[in-house]
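Note sheet for the following structure.
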Amino acid sequence: MFQRILIANRGEIALRVIRACKEMGIESVAVYSEADRGAPYLDLADQKICIGPATASESYLKIPRLISAAEAADVQAIHPGYGFLSENAHFAEVCRDCKIEFIGPPPEAMQRLGNKNEARKLAKQAGVPVVPGSEGLIESDEDALRLAKEMDFPVLIKAAAGGGGRGMRVARDEASLLSGLVSARQEAESAFKDGSLYLEKYIEQPRHVEVQLLGDREGHIVHLWERDCSLQRRHQKLVEESPAPNLPDKVRKAMCDAAVRLAKTAGYYSAGTCEFLVDKNHKFYFIEVNARIQVEHPVTELVTGIDLIKAQIRIAAGEKLPFAQRDIVHRGCAIECRINAENPAINFRPSPGLITRWQPPGGPGVRLDSHAVAGYRVPPNYDSLVAKLLVYQPTRTEALACMRRALDEFVVEGIHTTIPIHRDIMRLAAFRDGLVDTTFIERTWQKKS
Amino acid sequence: MFQRILIANRGEIALRVIRACKEMGIESVAVYSEADRGAPYLDLADQKICIGPATASESYLKIPRLISAAEAADVQAIHPGYGFLSENAHFAEVCRDCKIEFIGPPPEAMQRLGNKNEARKLAKQAGVPVVPGSEGLIESDEDALRLAKEMDFPVLIKAAAGGGGRGMRVARDEASLLSGLVSARQEAESAFKDGSLYLEKYIEQPRHVEVQLLGDREGHIVHLWERDCSLQRRHQKLVEESPAPNLPDKVRKAMCDAAVRLAKTAGYYSAGTCEFLVDKNHKFYFIEVNARIQVEHPVTELVTGIDLIKAQIRIAAGEKLPFAQRDIVHRGCAIECRINAENPAINFRPSPGLITRWQPPGGPGVRLDSHAVAGYRVPPNYDSLVAKLLVYQPTRTEALACMRRALDEFVVEGIHTTIPIHRDIMRLAAFRDGLVDTTFIERTWQKKS
Amino acid sequence: MADDARKYPGPFDVRTVEQLVLLMSEYELSEIDLRDGEQRIALRRGGFSPAASAPAPVEMARPASLPTPKASAEPPPPSQPSRQLTEIKSPTVGTFYAQEKPGSPPYVAVGARVAPTTIVCQIEAMKIFNEIQAECNGTIVEVCVQNKEFVEYGTVLFRVDPNT
Amino acid sequence: MADDARKYPGPFDVRTVEQLVLLMSEYELSEIDLRDGEQRIALRRGGFSPAASAPAPVEMARPASLPTPKASAEPPPPSQPSRQLTEIKSPTVGTFYAQEKPGSPPYVAVGARVAPTTIVCQIEAMKIFNEIQAECNGTIVEVCVQNKEFVEYGTVLFRVDPNT
């Protein structure tokens, strides 16, 4: 086992890794930017090293400084957390070159899965359903019409060079397809100087369900069941839970098995997540693999009793998985609410600043992962997550009640947070009944405010 | 189900019941003395009523005032918590007379089990081993010698009217028995004006193991396994855990079955605890039944996944137990540390006052039950418990590591607490190896300071 | 302010003081002096002997005329106590009865003179009626609760002007 | 006190105080005294012995390793900076080399005069040696780190007297 690990991250995930290290008897080395200087969680690490100014590109994203700190602190491994360099295959390679273990998947698998086309190919190879699409650029309107009929309307027109929704159109019939191709091409031309387009099946009001994976370096891969993260706002997850409500058991199992097949095909190890869209008929389609630990990993920890961070560390140290698939039992229901320093009243504007009061909830069934304390100043430089509030109860009904109770107890002053909207969400009939899809908030919520 | 419940208690257990009520959709009515006026947990109740001055006998122990408040608030039930009136059969009877449900066992069972001799008789009747004793007063020295030989030295000489250790002697042979009888009789005469003595088998370095019981009004009684509470200081529990370390499975099962037999014999329902002493040879002896919820009940909640407060409320409302014995599976290991407002450096002197900083631990496996927040003033009038810190992990080794980590994170300023001694305890080889008995702290600890 | 809309704090609001102390500590302030009419919060930090082991050098100055701190005042008293008046508070929990029995005149009304042993009302708890004595001299100037109203321990029942 | 002018803050409004304190801290103010009729906000900063700058005189001693928010200044700067001197800080993370190669004389020593482009040391990270320039004028009065010592971002490497 490693004697010392450097954590190339900040905030709650840095604290999460520090806690795992402490419990495993491993020394932890925290790095920090000047914006995080004095943050209380840093004092829980065995050592802390300032690596740069507030700007992430000069600190948490600056590979030479991280490696330099790792070498100076004489660590055997680096935990990248999530975000920042966690899915950067080059960083994983540099670690390998420097004989420092990267606590994550092998760079080869990261690279393959990081490329959307490559990942899609791998999925098909593994027999995992993907969103039907044109498998290449559209050559003519006739080509597009034929494809659209094949995959059934509605379809999505996408710019090959696209991003941020530009050059994207939903077509519900032949006429809207033809007009959509024209306008999407124009938009893509002017935005990216590349008018090439492709087609994809448009999944209406899809649910986002993902499967947690864990694999060791000997090719043993297991799933730790699914998480439903359909409640999002502008593609930012707000609430995650497990099990996915109203998901037929057969679909659930097929999805989990598919995720394992894909990971095996990709030569994956460590923790990872396979994301799917699920349509109204419970058909699921592979979207992507997140080759890292995820924000919402504690949901899975609660329902399986398996510590994912410790598992990641053990796998990186060369240990085999200590369990087989049949040993991983899913029990009860876990829900996570992301508490961000944002003002929901002003379009979720970030609300950094001094936390003057921080009174977290407690009692049965409550887990709180947070680096915040009273007197902590949330810096304006990074993402706004200040806490992950989780509950664990035997049933979903009880979990909802427990979450409502916990949210009502949570008092934060000095900054605005998303606590009030979570209080509303937990009282929504649609959420209670498990009828939420990824467009729910946009469709129903924004109108209210 | 009840619409409204009055909580005839204060502090963390009042908050614990408020939380259960909130999650069950039941309104809670908190009562408070003037010493607790303004305590933040009171604001979590739906209603709060001042019932008297700080003195417990004029507030939390004052039955007419509690009933008057209950009637004014129009509650259907009263939860007595632990301590105060929780084991007062008279109070339970008054509640019954006033047509208010007492959330606890029936007064008849409380009365029977509240009397030591009666409880001992019931235990024998149920085939539950009790500490061997003289079954009455000693009539002569010859009588005492004969009895001592029967039950084997060492024996304990006890004053019939005794208490607080006065008139108590350990005799390890005939000579010390005869001299002990003389001095004990003298001491008892002068202390209680009653020199009558009885004998009991002296259990050396016993462990304290207790069994959690739950029964409904139809006579279904189950156990929720055991808790080991051997780590005590002057008969005050400091640490509780489940499962009991190093307890042979056969003994554990026999003890749990014995507890269920006794509860059935006593006509018991609601939550209760059967306490045993366990000697070095793993023989167990019944001591007493605690006819109420206990401080350490969350330990059992963590390892069984059953919410004991909610179960108590459901039972009082007439619901049947929703599970059979075989459904109650014990999983993992839970440990609780009692955080008291005491100064361990000055002989555990109470340390009430204003909490200027309160930074509780969080993250995986941690549960904190506490009514304290930053800015809360711990009143000097009641017991000094300010928090129960619990951890839950798959194994005891992991639970110990998690507890050490959590204790290290816990920052409290303004008052002294027992956190530092728990940090020491969790690093003791004897505790780690499960070799602690009820005399451990007195034998090893006090010498250090 | 984010989650918990709170009323304008007074000087005895420990949390306000705490927040101020946090600010002082963080920004190396040596003194804070806030006044609002008759209310004042004055805090001084540092400049004390190192031996001083008191909880924190929080100097709370306040005009002597203000009511005693007893934690910030909560439910009872429901209305603003007048400085010169004596309050007759409920010594128990129960239902307030202004008269001896239905139809009787009230024990006392505004304008009535009371002596320490004057019975001013009854409070019923568990079917037992407790006669409450004034325990002071003066004239009733206010009856603060309605007949048959539930009163808590410490609820102000009457206000008495002792100077008449 | 809760008059209709809701937006206008009162003296006990911690946010207002906080904003004032931030201003004081940012612009090195030592005193603020605001009055409006009966209302007053008076703040004073600094002016007590530097020894008293520790977190706050709380009753409970606890291990220094425990977290406390903003526990005064942190690792770098390791020693007390003098006000008149200019500091040359490490712009990166790595190993400090005082000379160009083993055996060479140090780039600079105490007493050396530096100009902004004067190379004062090298910092090695991942086998790459970065030459560090003084970026100021003056005379080296202190070399703050040992040769081959690991330096963090912001570690003070040299102190320079700009007035010589």
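A note on names: the letters A, B, ... follow the listed sequences, proteins ahead of strands, and every chain is numbered from 1.
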- Query: Hey, is the main chain of B/Val29 close enough, under 3.5 Å, to the side chain of B/Asp46 for a donor-acceptor pair?
  - Reply: no
- Query: Applying a criterion of heavy atom separation less than 4.5 Å, what residues of residues 51-60 of chain B form contacts with chain C?
  - Reply: B/Ile51, B/Gly52, B/Pro53
- Could you tell me whether the side chain of C/Ile132 reaches within less than 4.5 Å of the side chain of C/Ser90, counting heavy atoms only? no
- Would you call C/Val160 and C/Ile88 a side-chain contact if the rule is heavy atoms closer than 4.5 Å? yes
- Modelled atom types, side-chain donor and acceptor of C/Thr92 and B/Arg65, under 3.5 Å: yes
- Positions in residues 71-95 of chain B that reach chain C, provided some heavy atom is under 4.5 Å away: B/Glu71, B/Ala72, B/Val94
- Item | Under 3.5 Å donor-acceptor, C/Thr139 side chain and C/Arg113 backbone | no
- Query: Hey, are B/Glu342 and B/Ser384 close enough side-chain-wise for a donor-acceptor pair under 3.5 Å?
  - Reply: yes
- N/O donor-acceptor pair under 3.5 Å between B/Arg10 side chain and B/Tyr32 backbone: no
- Item | B/Thr417, B/Leu389, B/Val366 screened by side-chain contact (heavy atoms from CB on, under 4.5 Å) with B/Phe410, the one that passes | B/Leu389
- Message: Please tell me whether C/Gln99 and C/Asn147 have a donor and an acceptor in their side chains that are separated by less than 3.5 angstrom.
- Response: yes
